[in-house]
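Given the structure is predicted, the values throughout are model-derived calculations rather than measurements.
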Amino acid sequence: PSPKSPGRPAMPTHPRPRPRRAFTLIELLTVIAIIGILAAILIPVAGKVRRHAQTSRCIGNLRGIGAALAVFSVDNKDRLPPRNLAPAAEPSETLRYWTSRLLRQGIVKDRDVFYCPSAFPSRDSEATAKIENTGGQTYGMRIWMPPGGKWGTDRERDNLASSIRSPSDFFLVADSIWIDASIANGHPTQGYGINPTPSSTRNQRVHLRHGNRANVLFADFHVAPKDAAYFTEHVNTTQTDYMNSGCYFSVLGENESYQ
């Protein structure tokens with residue numbers, strides 16, 4: 001072999017990089033299938049977690065309303081507000097509704113507490129009808145009168161809480177739905193009242209939107225979920241002396257169409 005040139009260092013040698021191997025079609029399809037399986041598992045779980053969070057927030061809202069009504073009762077000599085006062089008793093519409101009265105008296109500070117997050121609107125900024133003008137698209141206050149009262153007048157005045165014989169069984173506020181407003185808004189829409197009527201009403205119904213149950217605030221200010229039977233079988237048969245003769249409450253199930 002020829003001798004190396006004096007003074008010239010030997011050139012380093014580097015291994016050639018190996019060419020990168022591309023994914024095969026089978027490998028790509030396998031990855032896509034795994035992603036699809038994970039999505040099928042996680043999406044329902046995420047939806048369930050979201051619904052659970054909304055239900056918990058709804059219960060919290062109703063507890064806050066219960067605390068506000070308890071304060072109202074103390075401030076007004078054991079009286080509870082009706083869905084709305086009669087125009088003759090309160091000419092100002094902004095002070096007529098149960099929601100606006102709690103706000104105007106400073107008992108409720110956060111307007112969003114009146115809205116169930118599982119329905120439309122979920123907060124005050126989304127509402128197409130405001131609390132002060134029409135009562136609002138909120139949880140529904142039950143329309144009732146004391147036993148032996150006059151439906152035409154007593155349902156639109158402050159009534160004594162002590163006139164309710166079984167407060168722990170008497171619902172005051174619940175998840176509501178108004179069909180006409182729901183059709184207009186394209187969403188199940190809340191309404192500020194729940195009214196017993198002599199025939200099934202399109203509006204002012206109880207809405208069973210939490211696992212086919214409605215969250216309910218009772219007259220002793222505890223909150224619990226109730227199914228259709230509580231309203232249609234129990235309330236409509238055992239609490240008839242709190243409503244007009246021949247009237248009953250209507251409900252709409254979670255999977256029933258409002259259209």
Side-chain angles (χ1 to χ4, degrees), residues 51 54-55 57-59 61-62 65-66 69 80-84 96-99 113-122 126-131 133-145 151 155-156 169-219 223-259:
R51 289 190 297 272
Q54 290 172 338
T55 298
R57 184 179 156 201
C58 174
I59 291 172
N61 285 348
L62 287 170
I65 292 171
L69 289 174
L80 293 168
R83 181 197 66 172
N84 60 273
R96 194 176 299 159
Y97 305 103
W98 72 276
T99 46
V113 77
F114 292 118
Y115 301 90
C116 174
S118 297
F120 179 85
S122 61
E126 296 176 351
T128 58
K130 293 301 183 181
I131 287 172
N133 297 329
T134 59
Q137 298 161 327
T138 64
Y139 293 107
M141 170 68 78
R142 173 183 185 164
I143 300 179
W144 64 283
M145 67 176 181
W151 183 253
R155 65 191 173 100
E156 293 184 326
D169 188 46
F170 188 91
F171 87 90
L172 280 178
V173 181
D175 288 315
S176 64
I177 186 167
W178 287 34
I179 304 298
D180 290 338
S182 298
I183 292 173
N185 292 321
H187 305 280
T189 301
Q190 309 176 69
Y192 71 102
I194 298 174
N195 189 21
T197 58
S199 60
S200 182
T201 179
R202 288 177 56 77
N203 299 317
Q204 304 196 62
R205 294 189 186 190
V206 176
H207 193 201
L208 310 174
R209 54 176 166 258
H210 299 287
N212 226 26
R213 293 171 177 259
N215 286 332
V216 177
L217 170 67
F218 290 86
V223 177
K226 288 295 180 179
D227 60 13
Y230 166 77
F231 301 98
T232 61
E233 297 176 18
H234 179 68
V235 173
N236 285 343
T237 58
T238 66
Q239 299 178 11
T240 55
D241 48 352
Y242 295 95
M243 61 185 85
N244 201 20
S245 177
C247 292
Y248 59 90
F249 289 101
S250 300
V251 303
L252 187 72
E254 183 173 34
N255 298 317
E256 291 184 82
S257 174
Y258 59 82
Q259 296 178 330

Exercise. Can you name the one residue among K226, R205, R209 that meets salt bridge (Lys or Arg N to Asp or Glu O under 4.0 Å) with D175?
Worked result: R209
Seminar exercise, completed: Heavy atoms of G135 and T138 approach each other most closely as O-OG1, 4.2 Å
Exercise. Is there a donor-acceptor pair under 3.5 Å between the side chain of Q190 and the backbone N or O of Y115?
Worked result: no
Exercise. Distance from N195 atom CG to I143 atom CD1, nearest 0.5 Å?
Worked result: 3.5 Å
Exercise. Between N212 and G253, is there a donor-acceptor pair closer than 3.5 Å when you use the side chain of the first and the backbone of the second?
Worked result: no
Seminar exercise, completed: Rounding to 0.5 Å, atoms CG (L252) and CZ (R202) come to a distance of 11.0 Å
For this session: Report the residues that fulfil ring pair (Phe, Tyr, Trp, His ring centres under 6.0 Å) with Y139, sequence neighbours left out, ordered by chain and then residue number.
Result: none
Problem set entry | Donor-acceptor pair, side chain of D227 and main chain of A229, under 3.5 angstrom | yes
For this session: Starting at CG of N84, measure out to OG1 of T99 and round the result to the nearest 0.5 Å.
Result: 9.5 Å
For this session: Please identify each residue that fulfils ring pair (Phe, Tyr, Trp, His ring centres under 6.0 Å) with Y97, with sequence neighbours left out.
Result: Y192
Exercise. Where the side chain of S176 meets the backbone of Q204, is there a donor-acceptor pair that is under 3.5 Å apart?
Worked result: no
Exercise. Who passes ring pair (Phe, Tyr, Trp, His ring centres under 6.0 Å) against Y248, sequence neighbours left out?
Worked result: none
Problem set entry | Backbone of A119 reached by a side-chain donor or acceptor of S122 within 3.5 Å | no
Problem set entry | Side chain proximity check, N244 to R155, heavy atoms < 4.5 angstrom | no
For this session: Could you pull out all residues at least two apart from R142 that satisfy side-chain hydrogen bond (donor to acceptor under 3.5 Å, both in side chains)?
Result: Q239
Problem set entry | CG-CG distance between L172 and L80, expressed to the nearest 0.5 angstrom | 6.0 Å
For this session: Output yes when a side-chain donor or acceptor of W178 lies under 3.5 Å from a complementary backbone atom of G193, and no otherwise.
Result: yes
Problem set entry | Over all atoms of both residues, closest heavy-atom pair of Q137 and A129 | OE1-N, 3.4 Å
Problem set entry | Closest non-hydrogen atom pair between E254 and L208, with its separation | CB-O, 2.9 Å
For this session: For I65 and W98, run side-chain contact (heavy atoms from CB on, under 4.5 Å): C-alpha distance rounded to whole Å, both residues' side-chain angles, the deciding distance at 0.1 Å, then the answer.
Result: CA-CA 11 Å; I65 292 171; W98 72 276; 3.8 Å; yes
Exercise. Between atom CG of N236 and atom OG of S250, what is the distance when rounded to the nearest 0.5 Å?
Worked result: 8.0 Å
Problem set entry | Residues forming a ring pair (Phe, Tyr, Trp, His ring centres under 6.0 Å) with F170, sequence neighbours excluded | W144, Y242
Exercise. Under 4.5 Å between any side-chain heavy atoms of H210 and C58, yes or no?
Worked result: yes
Problem set entry | Inter-residue atom distance D180.CG - I177.CD1, 0.5 Å rounding | 11.0 Å
For this session: May I have the step-by-step check of side-chain contact (heavy atoms from CB on, under 4.5 Å) for I183 and Y258, ending in yes or no?
Result: CA-CA 7 Å; I183 292 173; Y258 59 82; 4.1 Å; yes
Problem set entry | V173/L69 under side-chain contact (heavy atoms from CB on, under 4.5 Å): CA gap, chis, key distance, verdict | CA-CA 10 Å; V173 181; L69 289 174; 4.2 Å; yes
For this session: Would you please test N61 and N215 for side-chain contact (heavy atoms from CB on, under 4.5 Å) and show each step?
Result: CA-CA 10 Å; N61 285 348; N215 286 332; over 6 Å; no
Problem set entry | Which atom of A214 lies closest to which atom of V206, heavy atoms considered | CB-CG1, 3.7 Å
Exercise. Which residues satisfy the side-chain hydrogen bond (donor to acceptor under 3.5 Å, both in side chains) test with T134, sequence neighbours excluded?
Worked result: none
For this session: Please examine the side chains of V216 and F231, heavy atoms only from C-beta on, and report whether any two atoms are closer than 4.5 Å.
Result: yes
